[in-house]
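Step one of this worksheet: look at the structure below.
In what follows, chains are A, B, ... by sequence order, proteins preceding strands, each numbered from 1.
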Amino acid sequence: MSVTRRHLLLLLPAAAIAWKHVLAGTPEVSPNYKLSEHWWSMLIDLPKCIGCGNCVRACQTENDVPDGYFRTWVERYHVTDYDIENPHVDSPDGAKEGFPPSKEQGGKNFFVPKLCNHCADSPCTQVCPVGATFISPDGVVLIDKKYCLGCRYCVQACPYGCRFINPKTETAEKCTLCYHRITKGLTTACCEACPTGARQLTDLKNPSDPIHEFLKTHSVQVLKPYMATHAKVFYNGLDGSVR
Amino acid sequence: MPGVEGFMYPNEVELQWSVLIVLYPFLTGLVAGAFILASLERVFQVEEVKPTYRLALLTALSFLLVAPLPLQLHLGHPERSYEMYLTPHKTSAMAMFGFVYLWYLMAVLVFEIWLDYRRDIVVLSQSTSGWKRLLYRAMTLGSSNISEHALHVDERVGWMITLIGIPSAFLLHGYVGFIFGSIKANPWWSTPLMPVVFIFSAMVSGIAAVMLLYMLVTWLRKGTIDMRCVDTVASYLLYTFIIDFSLEMLDLIHRIYESDESFRSLNFMVHTKLYMSHIVVQIVFGTVAPIALLALTQVLRLREMARKRIYALAGCLTMMGIFAMRWNVVIGGQLFSKSFLGYTTYKMGLVTREGLLVAIVLTILPLGILWVLVKLLPPWPEKKSGALAGVAPAH
């Protein structure tokens with residue numbers, strides 16, 4: 001079918017409206033998504049993590065994370081038999097390009113992916129002076145960038161070092177569990193990019209989510225449980241030396 | 001990575017709170033301390049410190065006016081800071097700062113200064129001319145009644161305000177300590193002693209600042225320093241300093257004895273990156289030395305000139321020590337990783353928004369404001385020129 005001038009004239013107003021939406025960055029609506037039906041969390045199956053850094057790269061691309069800052073990163077632990085309390089840890093550029101071969105001899109090596117723990121009692125939310133950071137009804141800790149003062153109190157309050165100030169926006173930033181994706185039925189960018197399934201988005205309110213069976217049958221731990229933040233990133237096979 | 005030893009979480013390498021946040025508790029501490037010294041005369045009738053009363057109030061006001069500026073300059077979006085008043089987050093310690101600050105500024109300090117100076121302002125509004133007359137008339141707020149009865153009412157209300165002001169001053173600075181002390185993620189800050197240590201260190205710095213300013217201003221005006229006053233102020237400085245030092249040592253001993261998981265990391269930091277600012281500047285030169293000097297004046301019978309010199313030296317060392325204490329709290333608390341496996345370095349800019357130059361300007365600015373305030377509202381009753389001759393202070 002050939003495009004006539006008549007067709008073009010008919011298409012122009014539609015294109016103009018579409019272009020306006022593109023420029024305004026209007027988010028897509030998720031009509032079938034109900035906040036009250038979800039309670040998001042993440043499972044990290046540590047024995048499956050190979051330290052490839054795919055998750056870090058996917059996150060940086062998906063969320064336009066500036067260089068030198070991280071919404072997620074991977075740490076490599078080297079623990080010797082005689083000093084398990086003082087591991088040697090590295091994370092070159094957040095493991096964006098993976099890891100060079102380990103030079104450590106003896107002991108054990110393993111990888112630990114890190115991200116915001118989306119704590120149910122999050123200290124960052126508690127200290128925000130204007131409530132710009134908040135816990136959504138579906139259990140994700142989010143930041144309203146148009147409201148954040150950039151005071152950095154939340155960065156200080158996070159026990160896990162998950163927050164940073166975006167140098168472009170001068171506001172606090174961190175993992176959103178790819179909220180723009182999960183509310184449309186997708187998984188997070190990091191989970192999608194993980195080649196071994198070490199990272200799995202989980203919904204604690206969904207009775208058919210495999211997380212329930214997994215939690216029943218495995219020894220699962222959260223980071224720094226003594227902080228009593230009710231972290232929702234669960235680690236399977238977490239070594240006691242991990243900070 | 002340059003400046004990093006061991007392992008830091010990747011987002012921790014850059015320090016979040018700069019030298020400006022060091023200035024914030026330093027300036028607020030001077031306010032609280034100066035006010036508490038002023039209130040001694042008003043509430044507890046300590047006649048000896050009377051010559052410093054008005055100067056202490058004006059000093060407190062000068063520093064209080066500048067105290068929020070480092071915070072504003074540090075914000076990523078200072079234009080949104082008003083949101084703290086409009087939609088404060090009730091669980092946030094920082095959100096309450098705006099209210100505590102406004103309460104202290106307007107309900108306590110400005111009100112007390114106005115009541116104390118009201119008689120002088122009314123007299124000046126009638127005796128001066130030009131813009132000064134207009135300014136003083138505006139400052140009377142339409143109240144020109146300086147009858148005996150009116151002044152008596154001023155005196156009673158002023159006494160009440162001071163009485164409310166003392167806990168308010170404690171609240172102002174104890175609360176600043178709470179901002180740090182309530183961060184459970186940071187073991188260097190997280191201690192219930194933090195607000196108490198902040199209050200006493202505030203009193204120490206405020207008393208030292210007023211003592212130094214009183215001696216400096218009297219010397220500049222070629223007046224005679226009231227040694228009875230300075231001796232009393234110096235003795236208060238000594239006693240407060242001993243309490244402050246004891247609290248800090250209690251915190252230190254407790255940490256050393258408990259040796260929890262963070263101790264190894266903090267201990268290493270104090271012996272390396274913080275050695276100069278913590279051990280040398282804060283403890284040796286900024287605390288032990290001034291306490292020893294001040295104790296000397298209590299034990300020995302020294303001549304007036306020797307005492308003056310000792311007080312001046314002890315005062316300067318004290319100010320340096322308290323600044324170092326603020327530095328060690330704010331900067332020190334960010335030099336180690338929350339993984340306790342590494343350390344970073346603070347790189348201070350020179351002419352950046354949060355750099356050294358801005359910090360110096362903000363430190364000098366209160367002294368400039370004080371100069372203007374002293375010109376407008378002379379704190380000494382014996383001023384010979386102008387219309388205040390023979391006018392006694394209102395109380």
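Neither the backbone nor the side chain of A:F134 has a heavy atom closer than 4.5 Å to any heavy atom of chain B. Both the backbone and the side chain of B:F340 come within less than 4.5 Å of a heavy atom of chain A. Neither the backbone nor the side chain of B:E79 has a heavy atom closer than 4.5 Å to any heavy atom of chain A. Looking at B:W189, only its side chain comes within 4.5 Å of chain A, counting heavy atoms on both sides. With a threshold of 4.5 angstrom between heavy atoms, B:S337 does not approach chain A through any atom at all. Contact of A:Y160 with chain B is made through the backbone alone, with heavy-atom distances under 4.5 Å. Looking at B:I179, both its backbone and its side chain come within 4.5 Å of chain A, counting heavy atoms on both sides. Contact of A:P87 with chain B is made through backbone and side chain together, with heavy-atom distances under 4.5 Å. The part of A:E75 that comes within reach of chain B is its side chain, from C-beta onward, which places non-hydrogen atoms under 4.5 angstrom from that chain.
Ranked by heavy-atom pairs under 4.5 Å with chain A, the first of B:M84, B:H74, B:R80, B:R264 is B:R80. In terms of heavy-atom pairs under 4.5 Å with chain B, the best-connected choice from A:V242, A:N86, A:D90, A:T125 is A:N86. Contact count versus chain A (heavy atoms, under 4.5 Å) is highest, among B:A95, B:G6, B:P10, for B:P10. Contact count versus chain B (heavy atoms, under 4.5 Å) is highest, among A:T171, A:V155, A:V130, for A:V130. When each of B:M8, B:K90, B:M94, B:E14 is scored by its heavy-atom pairs under 4.5 Å with chain A, the top score falls to B:M94. Interface summary for chain B: among A:A132, A:C128, A:A228, A:C158, the most heavy-atom pairs under 4.5 angstrom belong to A:C128.
Taking the side chain as every heavy atom from C-beta outward, A:S91 and A:V74 never approach each other to under 4.5 Å. In this structure the side chain of B:L73 reaches within 4.5 angstrom of the side chain of B:L362, judged on heavy atoms.
For B:R326 and B:F198, the positive end sits near the middle of the six-membered ring, less than 6.0 Å away and at most 45° from its axis.
Classification of A:K96 and A:D67 as a salt-bridged pair holds, one side-chain N sitting under 4.0 Å from a carboxylate O.
A side-chain donor-acceptor contact under 3.5 Å links A:S136 to the backbone of A:V140.
When the options B:N186, B:T344, B:L341, B:L274 are evaluated for a side chain to side chain contact (heavy atoms under 4.5 Å, CB included) with B:F336, the one that passes is B:N186. Partner B:F180 forms a ring-ring contact (aromatic ring centres under 6.0 Å, His included) with one of B:W188, B:W17, B:Y175 and no other, that one being B:W17.
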Exercise. Hey, mind stepping through B:I183 and A:V127 against side chain to side chain contact (heavy atoms under 4.5 Å, CB included) and telling me if it holds?
Worked result: CA-CA 9 Å; B:I183 297 292; A:V127 301; 4.3 Å; yes
Exercise. What do the steps show when you test B:Y85 against B:F99 for ring pair (Phe, Tyr, Trp, His ring centres under 6.0 Å), and what is the final call?
Worked result: CA-CA 7 Å; B:Y85 287 107; B:F99 295 99; 5.5 Å; yes
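Within 6.0 Å of OH on A:Y82 lie no more than 12 heavy atoms contributed by other residues, nucleotides or ligands.
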